[in-house]
Amino acid sequence: MSVGLQRLREDAHRVRQGALDKGEDPALVDEALALDARRRQQLGATDALRAERKGLSERIGKQLRKGGDPGSSEVVALRGRSSEIGRRIESAEAISADIQARLDDLLLRIPNPADPEVPVGGEEASVIVRTWGEPAAHAESGWTRRPHWEVADSLGIFDLAGGAKVAGSGFPVYRGAGAALQRALIDLFIGIHTREHGMTEIWPPAVVNAESARGTGQIPDKEDQMYVVTRDDLYLVPTAEVPVTNLHRDEILEGSRLPIRYVAYSPCFRREAGAAGSKTRGILRVHQFDKVEMVCFERPAESGQTLEWLTERAESCLQRLGLAYRVKLMATRDMGFVQAKKYDLEAWAPGVEDWLEVSSVSNFRDYQARRMDIRWRPTPTSKAEMVHTLNGSGLALARTVAAVLEVYQRPDGSLEVPEVLRPRLGDTLRPAL
RNA sequence: GGAGAGGUGGCCGAGUGGUUGAAGGCGACGGUCUUGAAAACCGUAGGCACGCAAGUGCUCGUGAGUUCGAAUCUCACCCUCUCCGCCA
């Protein structure tokens with residue numbers, strides 16, 4: 001991703017402040033500006049040389065077409081001068097390429113400035129903007145809610161040991177009603193988004209090539225978080241965002257096509273290198289999980305309100321399941337390098353007594369689009385400009401399942417199936433014998 | 001995986017070394033005509049970079065190379081199509 005050179009020139013102050021707010025180095029902005037000035041100067045010099053050579057070549061062409069002798073002293077002289085300029089062009093180009101490479105590298109290290117209404121600060125500065133539903137109590141009269149892995153155990157719907165055997169730790173296996181629950185949730189969410197929210201369903205590949213991984217910024221920023229198929233130079237997708245957003249890479253979209261709103265299911269693969277810790281129990285942090293992702297391409301003027309809309313679409317999934325949740329507006333240092341504004345949705349899990357992040361909804365403004373060169377044309381004759389991209393989970397399954405199990409468990413070890421899922425799963429899941 | 005064909009502007013499609021950034025058609029946009037629309041006719045028009053501008057450069061799948069000069073020649077890679085093999 002990168003902030004645009006144009007914005008850098010016109011609004012350097014805010015980009016600098018944006019870097020500062022995100023805890024990044026604001027000096028990079030000035031370095032980039034200086035390098036950009038050199039680049040432009042160098043470009044002018046190179047272009048002049050090329051123009052000169054072009055003129056000479058044209059003169060040679062004219063001579064020869066007139067029937068001139070290729071060996072005549074005039075032609076030979078012209079050739080000599082042209083060759084000489086050619087050598088100067090080569091060295092000028094080498095300098096340009098070097099400057100360009102350094103500038104590109106710098107640009108990648110300047111973060112997307114946060115929107116003005118985003119609180120400045122770290123985790124402590126993030127604010128809960130609303131909560132929905134009543135967080136279920138851990139202990140009620142006569143019984144205490146168990147963590148989801150224990151609920152799953154008594155229901156016989158996870159086979160974590162089986163997953164560890166066939167793939168490795170962190171690759172869960174769902175069996176019986178557990179498998180059916182996965183399938184039901186995926187279908188429920190996609191149905192909500194397509195039928196009620198008018199999104200177009202995409203069923204993407206589970207691997208992407210290096211260009212796509214670069215497009216959404218997995219390379220080079222998060223390369224060690226991805227599983228790589230080195231033999232074929234492919235990457236297992238960490239989220240459907242990667243293949244779906246890249247669908248329009250290097251395209252100019254007609255204004256009449258916007259907004260484009262996709263919903264896509266995909267398995268998600270993450271190495272989670274170095275993430276072992278307290279919140280990794282059960283299926284809270286795994287190497288493979290399932291997620292329904294929403295991806296939008298918007299007119300810049302509308303992306304602000306689309307972020308709110310997308311967040312509400314994700315919320316509707318939680319509401320449908322009857323899960324209590326809260327919406328957190330992430331502060332500048334809590335939201336990441338590339339987002340302009342981001343909400344996290346956290347569902348209450350009474351067994352582990354914690355809020356679980358089940359969705360993350362972000363507005364990238366034009367930051368991602370610039371990297372992928374996705375533009376739009378407001379009218380058929382106007383100049384193309386960058387689109388705004390947004391995405392949000394709606395929802396990530398593993399943690400949603402954990403919340404469902406902990407909220408809907410009964411003292412007798414059975415599970416009350418949430419009402420929306422009853423047509424697919426029946427009323428109750430009973431403990432395995 | 002093997003053999004063959006091919007990748008040119010929004011689309012189709014000419015173009016095999018020298019004003020070709022690229023004929024022609026369709027589509028698009030502006031206009032004439034019309035009550036309105038269609039048709040017809042006239043006109044405009046790719047993208048990117050640098051520049052106040054005039055303009056200059058780059059761009060014919062991608063990257064290297066040959067040449068004074070490459071859409072046109074050479075090499076590698078990618079993709080598409082057809083046939084064969086294999087296969088859920």
Side-chain angles (χ1 to χ4, degrees), chain A residues 2-10 32-104 106-107 203 205-215 229-235 243 246-258 260 267 297 366 369-387:
Chain A
S2 103
V3 74
L5 271 175
Q6 198 183 337
R7 176 162 187 200
L8 214 56
R9 288 181 209 135
E10 290 166 2
L33 246 21
L35 216 46
D36 176 47
R38 280 191 55 200
R39 179 187 67 101
R40 286 191 278 171
Q41 185 199 348
Q42 182 64 28
L43 227 47
T46 312
D47 280 4
L49 284 173
R50 275 201 274 247
E52 199 177 344
R53 179 176 65 183
K54 205 172 180 180
L56 290 171
S57 288
E58 257 167 44
R59 281 170 63 191
I60 294 170
K62 270 184 194 146
Q63 287 286 327
L64 296 183
R65 254 177 308 120
K66 265 193 313 197
D69 175 9
S72 75
S73 60
E74 190 184 352
V75 171
V76 170
L78 287 172
R79 269 199 199 142
R81 276 174 62 194
S82 190
S83 292
E84 163 59 20
I85 292 170
R87 281 190 287 279
R88 286 165 62 193
I89 290 174
E90 263 181 56
S91 66
E93 278 175 342
I95 295 172
S96 294
D98 175 59
I99 294 174
Q100 187 68 52
R102 281 157 58 197
L103 183 57
D104 288 346
L106 266 178
L107 253 21
W203 200 281
V207 294
V208 292
N209 56 32
E211 280 156 284
S212 297
R214 204 170 295 118
V229 184
T230 52
R231 183 174 176 142
D232 298 292
D233 199 19
L234 292 170
Y235 301 80
N246 273 285
L247 238 28
H248 294 298
R249 172 156 47 86
D250 296 321
E251 285 184 10
I252 296 176
L253 306 165
E254 287 308 322
S256 56
R257 288 185 64 185
L258 296 180
I260 295 173
F297 301 82
D366 64 359
R370 186 167 296 105
R371 185 156 183 163
M372 272 181 280
D373 199 19
I374 307 178
R375 288 171 290 167
W376 72 295
R377 218 188 285 282
T379 70
T381 51
S382 55
K383 197 169 158 58
E385 51 185 278
M386 294 296 159
V387 292

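Note on naming: letters A, B, ... go to the chains in the order of the sequence lines (proteins, then strands), and numbering restarts at 1 for each one.
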Reckon [X] touches a base, only the sugar-phosphate, or nothing at all at heavy-atom distances under 4.0 Å?
X      : answer
A:R53  : sugar-phosphate
A:R9   : sugar-phosphate
A:R377 : sugar-phosphate
A:R81  : nothing
A:I60  : base

Would you mind reading off the distance between [X] atom [atom1] and [N] atom [atom2], rounded to a whole angstrom?
X      : N     : atom1 : atom2 : result
A:E58  : B:U20 : CD    : P     : 10 Å
A:E251 : B:G47 : CD    : P     : 16 Å
A:L35  : B:A49 : CG    : P     : 18 Å
A:R370 : B:A49 : CZ    : C1'   : 15 Å
A:E254 : B:C29 : CD    : C1'   : 11 Å
A:D250 : B:C79 : CG    : P     : 16 Å
A:E211 : B:C77 : CD    : P     : 17 Å
A:L253 : B:A28 : CG    : C1'   : 17 Å

Under 3.5 Å for both donor-acceptor distances, Watson-Crick or wobble: does [N] have a partner, and if so which one?
N     : value
B:A76 : B:U62
B:G55 : B:C50
B:G4  : B:C81
B:A40 : B:U32
B:U67 : none
B:A23 : none

What interatomic distance, in whole Å, is found between [atom1] of [M] and the corresponding atom of [N]?
N     : M     : atom1 : answer
B:A37 : B:G25 : P     : 25 Å
B:U56 : B:U66 : P     : 28 Å
B:U20 : B:G30 : C1'   : 27 Å
B:C73 : B:U67 : C1'   : 10 Å
B:G57 : B:G69 : P     : 15 Å
B:A70 : B:G63 : C1'   : 15 Å
B:A38 : B:G55 : P     : 36 Å

When you check the phosphate oxygens OP1 and OP2 of [N], does a side-chain N or O of [X] lie under 4.0 Å from one of them?
X      : N     : result
A:K383 : B:G47 : no
A:R50  : B:U56 : no
A:R375 : B:C48 : yes

Minimum-distance nucleotide (side-chain atoms of [X] versus [options]):
X      : options             : result
A:P380 : B:G18, B:G69, B:C29 : B:C29
A:T381 : B:U56, B:C29, B:C50 : B:C29
A:R79  : B:U56, B:C50, B:C68 : B:C68
A:K54  : B:G51, B:C29, B:G57 : B:G57
A:A384 : B:G57, B:A49, B:C48 : B:C48
A:R40  : B:C68, B:G57, B:G51 : B:G51
A:S83  : B:C68, B:A28, B:C48 : B:C68
A:L64  : B:G47, B:G18, B:C50 : B:G18
A:S57  : B:C48, B:U56, B:G18 : B:G18

Less than 4.0 Å between a side-chain N and a carboxylate O, is that true for [Y] and [X]?
X     : Y     : result
A:E93 : A:R50 : yes
A:D36 : A:R9  : yes
A:R87 : A:E90 : no

[atom1] of [X] to [atom2] of [Y]: how many Å apart, nearest 0.5 Å?
X      : Y      : atom1 : atom2 : value
A:R88  : A:L49  : CZ    : CG    : 5.0 Å
A:E211 : A:D250 : CD    : CG    : 8.0 Å
A:S96  : A:I89  : OG    : CD1   : 11.0 Å

Intermediate values then yes/no, side chain to side chain contact (heavy atoms under 4.5 Å, CB included), A:R375 and A:E385: CA-CA 5 Å; A:R375 288 171 290 167; A:E385 51 185 278; 5.9 Å; no
First encountered from the 5' end of RNA chain B, between A:R39 and A:E52: A:R39
Of A:I252 and A:G86, the one whose closest RNA chain B nucleotide lies more 5': A:I252
Check against side chain to side chain donor-acceptor pair (under 3.5 Å), A:S212 and A:R249: CA-CA 8 Å; A:S212 297; A:R249 172 156 47 86; 3.0 Å; yes
